[in-house]
Amino acid sequence: MDTSTKDRLTIQVDHERKIAAQEIANNLGTDLPNLLNIFIARVVKEKGLPFQLVENPRDEELELALKQARAGETNRYSFSEFDQYLKDLEAKENA
């Protein structure tokens with residue numbers, strides 16, 4: 001991709017959101033314009049948004065958890081078994 005020609009992009013964004021995004025960019029060791037360029041690069045690479053649009057992901061997660069609990073599909077761990085819980089979770093993610 002030819003990067004010799006650059007266009008200026010002007011957007012309007014809520015001030016508080018801009019400040020929050022600048023802080024995140026700084027914490028990542030970059031600046032807001034670079035962060036936006038990374039986002040645009042991912043959109044081009046993915047040929048779409050690099051994340052899933054959902055109405056309210058927390059509600060979906062809660063509904064799934066409730067459905068699993070009602071079906072008896074729960075694992076209970078005591079505090080002392082937390083290490084085993086993490087191992088089980090990692091195994092499930094790697095499966």
Side-chain angles (χ1 to χ4, degrees):
M1 182 177 292
D2 182 20
T3 58
S4 61
T5 303
K6 297 198 179 218
D7 289 337
R8 180 173 300 277
L9 178 65
T10 303
I11 63 170
Q12 291 185 344
V13 63
D14 177 78
H15 179 72
E16 295 297 322
R17 186 173 289 154
K18 175 190 168 202
I19 298 302
Q22 283 176 322
E23 185 175 326
I24 292 167
N26 291 337
N27 290 341
L28 293 171
T30 190
D31 58 17
L32 192 53
N34 196 34
L35 198 65
L36 292 171
N37 275 311
I38 291 168
F39 172 76
I40 291 170
R42 288 293 307 268
V43 167
V44 171
K45 180 180 179 190
E46 302 286 332
K47 296 185 179 5
L49 293 174
F51 50 82
Q52 183 180 15
L53 289 177
V54 294
E55 186 174 334
N56 191 339
R58 295 190 188 271
D59 286 346
E60 290 178 12
E61 292 171 9
L62 178 59
E63 283 297 319
L64 177 61
L66 288 172
K67 181 180 176 183
Q68 290 173 334
R70 288 180 183 130
E73 300 170 5
T74 59
N75 292 320
R76 295 185 180 159
Y77 297 92
S78 67
F79 187 74
S80 62
E81 297 173 312
F82 188 68
D83 285 338
Q84 185 60 46
Y85 167 75
L86 292 177
K87 289 176 186 174
D88 291 349
L89 188 61
E90 183 178 345
K92 193 180 287 187
E93 289 176 352
N94 292 330

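Values in this document were obtained by computation on a predicted structure and should not be read as measured data. Nothing fancy with the numbering, it's 1 onward along the sequence.
Scanning for side-chain contact (heavy atoms from CB on, under 4.5 Å) contacts around E46 gives R42, P50, with sequence neighbours left out. Under the rule for a side-chain contact (heavy atoms from CB on, under 4.5 Å), the partners of L64 that lie at least two apart in sequence or sit in another chain are Q68.
Contact annotation: the side chain of L49 approaches that of F39 to within less than 4.5 Å [non-hydrogen atoms, C-beta and beyond]. Contact of the I40 side chain with the L9 side chain is registered, since non-hydrogen atoms from C-beta on lie closer than 4.5 Å.
For residues 10-32, every residue pair satisfying the side-chain hydrogen bond (donor to acceptor under 3.5 Å, both in side chains) rule, not counting sequence neighbours, is listed here: T30-N34.
Cluster annotation: I19 and L36 are assigned to distinct hydrophobic clusters (Ile/Leu/Val/Met/Phe/Trp/Tyr, side-chain heavy-atom contacts under 4.5 Å, transitive). Under the 4.5 Å side-chain heavy-atom criterion for grouping Ile, Leu, Val, Met, Phe, Trp and Tyr, I24 is not connected to I38 through any hydrophobic cluster. In this structure, F51 is a member of the same hydrophobic cluster as V43, with clusters built from ILVMFWY side-chain heavy atoms closer than 4.5 Å.
Nearest heavy-atom pair, L35 versus A21, reported as atom, atom and distance to 0.1 Å: CD2-O, 4.2 Å.
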